[in-house]
Structure formats: structure tokens, C-alpha cells
Undergrad: 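One structure follows; several queries about it will come next.
Since this is a predicted model, take the numbers as computed values, not measurements.
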Amino acid sequence: MPGVGFVNLFAVAAIALAAPLLLGLVPKLRVPAVVLEIVAGIALGPSGLGWIEPDLPVQIVALLGLAFLLFLAGLEIDVHRLRGRALRVALLGYVLTLALGLAAGAGFATAGWVHSPLLVAVALSATSLGLVVPVLKDAGQAEGGLGQAVIAACSVADFAAVLLVSLLFSASGGSTGARLVLLAAFVGLVVVTAVVVALAGRSRRLGATLTRLQDTTAEIRVRAAVVLLVAFVALAEAFGLESILGAFLAGAVVGLLDRDSASHPRFRVKLDAIGYGFLVPVFFVTSGLRLDLSGLLADVGALARVPLFLAALLLARGLPALLFAREFGTRRAIAAGLLQATSLPFLVTATQIGVLTGLMTPVTAAALVCAGLLSVLLFPAGALALLRAPDPVAVR
């Protein structure tokens with residue numbers, strides 16, 4: 001194929017393989033693979049040794065990786081658990097997060113670091129649900145009251161953040177009012193599609209055909225999920241919205257419709273294999289390749305933004321977790337706050353949109369991503385220690 005080379009893509013894929021393999025060989029190195037992937041991209045990319053370039057094949061696969069990452073994030077949301085007091089507390093917590101984020105963003109704007117305090121507030125408002133759930137499971141809290149409250153809060157935050165970015169900061173331009181109308185029309189089409197798919201799923205003949213083909217080379221359920229993902233992304237772009245919204249809603253629709261997995265227990269495992277086995281790691285490594293650290297490292301004042309952004313993240317997402325203190329105790333509420341303040345994938349996505357729209361400088365974007373890296377390194381470990389600590393009452 002003239003003009004297209006795969007050397008850089010091979011190097012990126014090799015990093016994606018080496019990161020989890022290294023963690024498996026050195027179990028004492030308790031670092032999420034995503035951190036190693038981004039750091040390796042920084043070290044070997046244009047900001048580091050310059051050995052790898054994000055050329056066209058890498059960029060295309062990374063774009064697919066971003067779509068699949070948001071698809072899998074939407075798939076993790078259990079809509080049926082978002083109800084009652086957990087939903088009310090999650091919504092209230094997110095409103096507090098936006099208020100605190102706006103205050104922090106206003107301070108950063110006054111310092112001349114950002115052009116849009118609202119973009120900073122939205123960027124700080126999301127949580128890495130895919131990193132939070134394993135910590136809760138390790139602590140034996142995933143199915144308990146606190147675990148469900150945290151998962152509900154993270155689900156609301158992820159959905160709201162993706163929605164707000166698409167509505168307020170779409171790279172396609174246009175007024176917010178026009179995008180709101182387009183958003184309503186897009187959601188209407190999504191709902192119609194979900195209803196049609198749900199009704200089609202009731203057909204016995206179609207169900208028998210899907211079951212017969214699902215574990216053959218046809219992999220029919222996986223193909224259907226990919227078609228839905230691409231269709232929603234294409235629709236979102238056609239409506240002038242961010243593609244990440246379409247990808248996220250595609251995952252949420254699949255998760256909503258796929259409630260009974262008894263007849264296809266390996267379906268989600270296969271989707272994880274496509275995403276986390278290939279596409280998503282390429283996105284994270286490429287994000288490291290694109291990260292411009294030259295301006296950040298050249299100025300001590302710019303480097304000082306990293307701990308301040310980390311503090312803002314902890315304040316905006318961690319402080320609202322004190323709403324859990326009355327029901328679960330202060331120590332567990334602090335652990336919940338640390339988990340809610342763990343954010344990286346959405347920070348990477350939001351900063352890329354910010355740079356693309358001119359609302360954020362590459363230096364600020366790099367500082368925010370570095371703050372996200374630190375949150376992933378520090379906060380889950382602290383939360384796990386708090387959740388595993390014996391209850392003071394039990395000690396006495």
C-alpha cells in the first residue's frame with residue numbers, strides 16, 4: 001500500500017502488549033496499565049526520544065479506540081440501578097461538582113491558564129468508572145450500599161460529562177441552542193432505534209438465528225454491536241455533535257437491551273477483547289505520543305499547574321462524596337471521594353477537544369492529563385487502604 005506504513009502502529013501495539021505484561025511479571029508494581037501506556041507514549045514519542053510518530057494508521061486506530069472506549073464506558077452503566085436515593089444523591093453530588101469545578105476554573109482563567117472555566121469544570125467532573133469498580137471489588141464493597149452509591153455517582157458523572165461536552169464544546173461549531181435542538185432530535189432517533197432493536201429481539205426466529213451464529217466465525221452479536229456503535233457515531237457527527245456522545249449512548253443502549261445474558265454469556269467478554277485487547281490501548285499510547293510536554297517542562301510555573309489541577313480534581317469530585325458520610329461514615333465517605341476523584345480517560349478526551357477548539361492551550365492540556373495520571377496512581381490505592389481498614393467499633 002503506497003504511502004501507508006505500519007512501523008509506528010507496530011511500535012504502539014508493542015507498547016500496548018508490554019505494559020500489562022510488565023505489570024503481570026512485577027506484581028508489586030501496582031500501577032494501572034493505562035498509566036504505563038501513556039507514559040511510554042510520552043517517553044518514546046515526539047516529546048521524548050522521538051522514536052514513534054502518530055502517523056495516519058496510528059491516528060485511525062486511535063480514533064476507533066476512543067469510540068470503543070466510550071462505548072465500553074456506556075456499557076458499564078446499569079440504568080436499572082440508577083433510581084431512588086442513590087440517584088438523587090448522585091445528581092446532587094454532580095451539581096456540587098460542577099459548582100466547585102466552575103470556581104476552580106474561574107481561578108485558573110484569572111491566572112490566564114484556560115479560556116473557558118466551564119470546560120475545566122466539565123473536564124474535572126467525570127470519573128474513571130472502569131478503574132473504580134475493580135477497587136470496589138477488591139475491597140468487597142461493589143455490591144454493598146457504599147459501592148452501589150459510588151457506582152451510581154460515577155455513572156451519572158460520566159454520562160453528564162459526555163453530554164455537556166457534546167452540547168457545549170462541539171468542534172463543529174454552531175450555537176448552543178441549535179445544538180440543543182439537534183441533541184433532542186438525535187436522542188429521539190436513539191430511542192427509536194433502541195425500541196426497534198428491542199422489538200426485533202422478541203422474534204423467536206431471529207433469536208434462534210442469533211444464538212446459532214453467535215459463537216461461529218460470524219460472531220453475529222459482536223457485529224451487530226459494532227454496527228450500532230458506528231451508526232450512532234455517524235449520526236452524532238451528522239447532527240453536529242461530538243462522536244463520543246454517539247459512542248457512549250451506543251454502549252448504554254446495548255447495556256440496557258442486553259439484560260439477560262444467559263444465552264450469550266461470552267458476548268461482553270468478546271467486546272472487551274476487541275476494545276481492551278487492541279483498540280483502547282492504542283488510543284492511550286497515542287494520547288501519550290500527542291502530549292506536548294515541552295512547554296510544561298520548560299517552565300517551572302507551568303509545571304506547578306499539575307498539583308493545582310490535581311487538587312482541583314480532588315476538591316470537585318471528592319468533596320461531594322461527603323454526602324455519603326451520614327449513611328456510611330466519614331472514613332468510607334473519604335474513600336468514596338478518592339474513588340470519585342480518579343479520572344483519566346475523560347480528561348484525555350476533554351483536553352483534546354479543548355485544544356482542538358482553541359479553548360485550552362497544549363501546555364494546560366498536558367498539565368491536566370498529568371494530574372489525571374497522578375490521580376490514577378494515588379487515589380485508588382488510598383481508597384483501598386481506607387476501605388480495607390478495620391471498623392473502629394470492631395477494633396474496640
Undergrad: Can you tell me how far CD1 of Ile60 sits from CG of Leu63, rounded to the nearest 0.5 angstrom?
TA: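 The CD1 atom of Ile60 is 8.5 Å from CG of Leu63, to the nearest 0.5 Å.
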Undergrad: Of all residues at least two apart in sequence or in a different chain, which pass the ring pair (Phe, Tyr, Trp, His ring centres under 6.0 Å) check with Phe284?
TA: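 For Phe284 there are no ring pair (Phe, Tyr, Trp, His ring centres under 6.0 Å) partners, ignoring immediate neighbours.
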Undergrad: Nearest 0.5 angstrom please: Leu313 CG to Leu368 CG, how far?
TA: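 One finds 8.5 Å between CG of Leu313 and CG of Leu368.
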Undergrad: When you compare the side chain of Leu66 with that of Thr349, does any pair of heavy atoms fall below 4.5 Å?
TA: yes
Undergrad: Can you hop from Leu87 to Val162 via hydrophobic side chains spaced under 4.5 Å?
TA: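 Both belong to a single hydrophobic cluster.
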Undergrad: Would you please name every residue forming a ring pair (Phe, Tyr, Trp, His ring centres under 6.0 Å) with Phe324, sequence neighbours left out?
TA: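 Counting only residues at least two positions away or on another chain, Phe324 forms no ring pair (Phe, Tyr, Trp, His ring centres under 6.0 Å).
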Undergrad: If we only count heavy atoms from C-beta on, is the Leu359 to Val114 side-chain gap below 4.5 Å?
TA: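 Sidechains of Val114 and Leu359: no contact.
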Undergrad: Are any of the side-chain heavy atoms of Leu102 and Leu118 separated by less than 4.5 Å?
TA: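 Result yes, sub-4.5 Å side-chain heavy-atom pair found.
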Undergrad: Got a salt bridge between Lys270 and Asp215, using NZ or NE/NH1/NH2 to carboxylate O under 4.0 Å?
TA: yes
Undergrad: Give a yes or no on whether Val227 and Val196 share a hydrophobic cluster (residues Ile, Leu, Val, Met, Phe, Trp, Tyr; joining criterion: side-chain heavy atoms under 4.5 Å apart).
TA: no
Undergrad: Pick one: which of Leu69, Val369, Leu373 meets side-chain contact (heavy atoms from CB on, under 4.5 Å) with Val348?
TA: Val369
Undergrad: Using the rule given for side chain to side chain contact (heavy atoms under 4.5 Å, CB included), can you reason through Leu314 versus Leu338, listing the C-alpha separation, both sets of side-chain angles and the distance that settles it, and then say yes or no?
TA: CA-CA 7 Å; Leu314 183 59; Leu338 290 173; 3.9 Å; yes
Undergrad: Report yes if some heavy atom in the side chain of Gln59 is under 4.5 Å from a heavy atom in the side chain of Val282; otherwise report no.
TA: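 No; the side chains remain at least 4.5 Å from each other.
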Undergrad: Can you tell me how far the CD1 atom of Ile151 sits from the CG atom of Asp158, to the nearest 0.5 Å?
TA: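 Between atom CD1 of Ile151 and atom CG of Asp158 there are 11.5 Å.
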Undergrad: Report yes if some heavy atom in the side chain of Trp113 is under 4.5 Å from a heavy atom in the side chain of Leu308; otherwise report no.
TA: yes
Undergrad: Is there a path of hydrophobic side-chain contacts, each under 4.5 Å between heavy atoms, that joins Leu44 and Phe10?
TA: no
Undergrad: Is it true that Phe71 and Phe232 have ring centroids separated by less than 6.0 Å?
TA: no
Undergrad: Indicate yes or no: at least one non-hydrogen side-chain atom of Pro46 is less than 4.5 angstrom from one of Glu53.
TA: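 Yes, their side chains come closer than 4.5 Å.
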Undergrad: Is there a side-chain contact between Val61 and Phe278 (heavy atoms, below 4.5 Å)?
TA: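 A side-chain contact exists here, since the closest heavy-atom pair is under 4.5 Å.
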Undergrad: Could you tell me which non-hydrogen atom of Leu347 sits nearest to which non-hydrogen atom of Thr351, and how far apart they are?
TA: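 Leu347 and Thr351 have their closest heavy atoms at O-OG1, 2.7 Å.
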Undergrad: Report the C-alpha distance between Phe248 and Leu163 in whole Å, list the side-chain angles of each, state the deciding distance to 0.1 Å, and finish with yes or no for side chain to side chain contact (heavy atoms under 4.5 Å, CB included).
TA: CA-CA 9 Å; Phe248 190 87; Leu163 184 63; over 6 Å; no
Undergrad: What do the steps show when you test Leu319 against Leu96 for side chain to side chain contact (heavy atoms under 4.5 Å, CB included), and what is the final call?
TA: CA-CA 9 Å; Leu319 198 58; Leu96 291 174; over 6 Å; no
Undergrad: Any link between Ile15 and Phe6 through a network of hydrophobic side chains (Ile, Leu, Val, Met, Phe, Trp, Tyr) touching at under 4.5 Å?
TA: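 Yes, same cluster.
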Undergrad: Any side-chain heavy atom of Leu386 within less than 4.5 Å of one from Arg332?
TA: no
Undergrad: How many angstroms lie between atom CG of Leu323 and atom CZ of Phe328, to the nearest 0.5 angstrom?
TA: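 The CG atom of Leu323 sits 11.5 Å away from the CZ atom of Phe328.
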Undergrad: Quick one: do Ile52 and Leu56 end up in the same hydrophobic cluster if we chain Ile, Leu, Val, Met, Phe, Trp and Tyr together by side-chain heavy atoms under 4.5 Å apart?
TA: no
Undergrad: Starting at NE2 of His115, measure out to CZ of Phe108 and round the result to the nearest 0.5 Å.
TA: 15.0 Å
Undergrad: Which atom names give the shortest non-hydrogen contact between Thr286 and Val12, and what distance separates them?
TA: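 For Thr286 versus Val12, the nearest heavy atoms are OG1-CG1, 4.5 Å.
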Undergrad: Can you name the nearest heavy-atom pair linking Leu315 to Leu100, along with the distance?
TA: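 So the two residues come closest at O-CD1, 3.4 Å.
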Undergrad: Start with the C-alpha distance between Val165 and Phe346, add both sets of side-chain angles, then the distance that settles side chain to side chain contact (heavy atoms under 4.5 Å, CB included), and finish with yes or no.
TA: CA-CA 10 Å; Val165 163; Phe346 186 77; 3.4 Å; yes
Undergrad: Where is the tightest heavy-atom contact between Val285 and Ala16, given as atom of each residue plus distance?
TA: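 Where Val285 meets Ala16 most closely, the heavy atoms are CG2-N, 4.5 Å.
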Undergrad: Name all residues meeting the side chain to side chain contact (heavy atoms under 4.5 Å, CB included) criterion together with Leu64; count only those two or more places apart in sequence or in a different chain, and write none if there are none.
TA: Leu279
Undergrad: Mark yes or no for whether Thr342, through its side chain, and Phe379, through its backbone, hold a donor-acceptor pair below 3.5 Å.
TA: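 Not confirmed, Thr342 side chain does not pair with Phe379 backbone.
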Undergrad: Within this structure, what is the CZ-CG distance for the pair Phe309 and Leu124, rounded to the nearest 0.5 Å?
TA: 8.0 Å
Undergrad: Decide whether Arg305 and Thr364 meet the rule of one side-chain donor and one side-chain acceptor closer than 3.5 Å.
TA: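 Their side chains do contain a donor-acceptor pair, which is all the 3.5 Å distance test asks for.
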Undergrad: Please name the pair of heavy atoms, one in Gly41 and one in Leu289, separated by the smallest distance, quoted to 0.1 Å.
TA: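 Nearest pair, atom of Gly41 first, then Leu289: O-CD2, 3.2 Å.
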Undergrad: Please give me the minimum heavy-atom distance between Ala19 and Glu37, naming the atom from each residue.
TA: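 Scanning both residues, the minimum pair turns out to be CB-CG, 3.8 Å.
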Undergrad: Is there a donor in the side chain of Arg317 and an acceptor in the side chain of Ser343, or the other way round, less than 3.5 Å apart?
TA: no
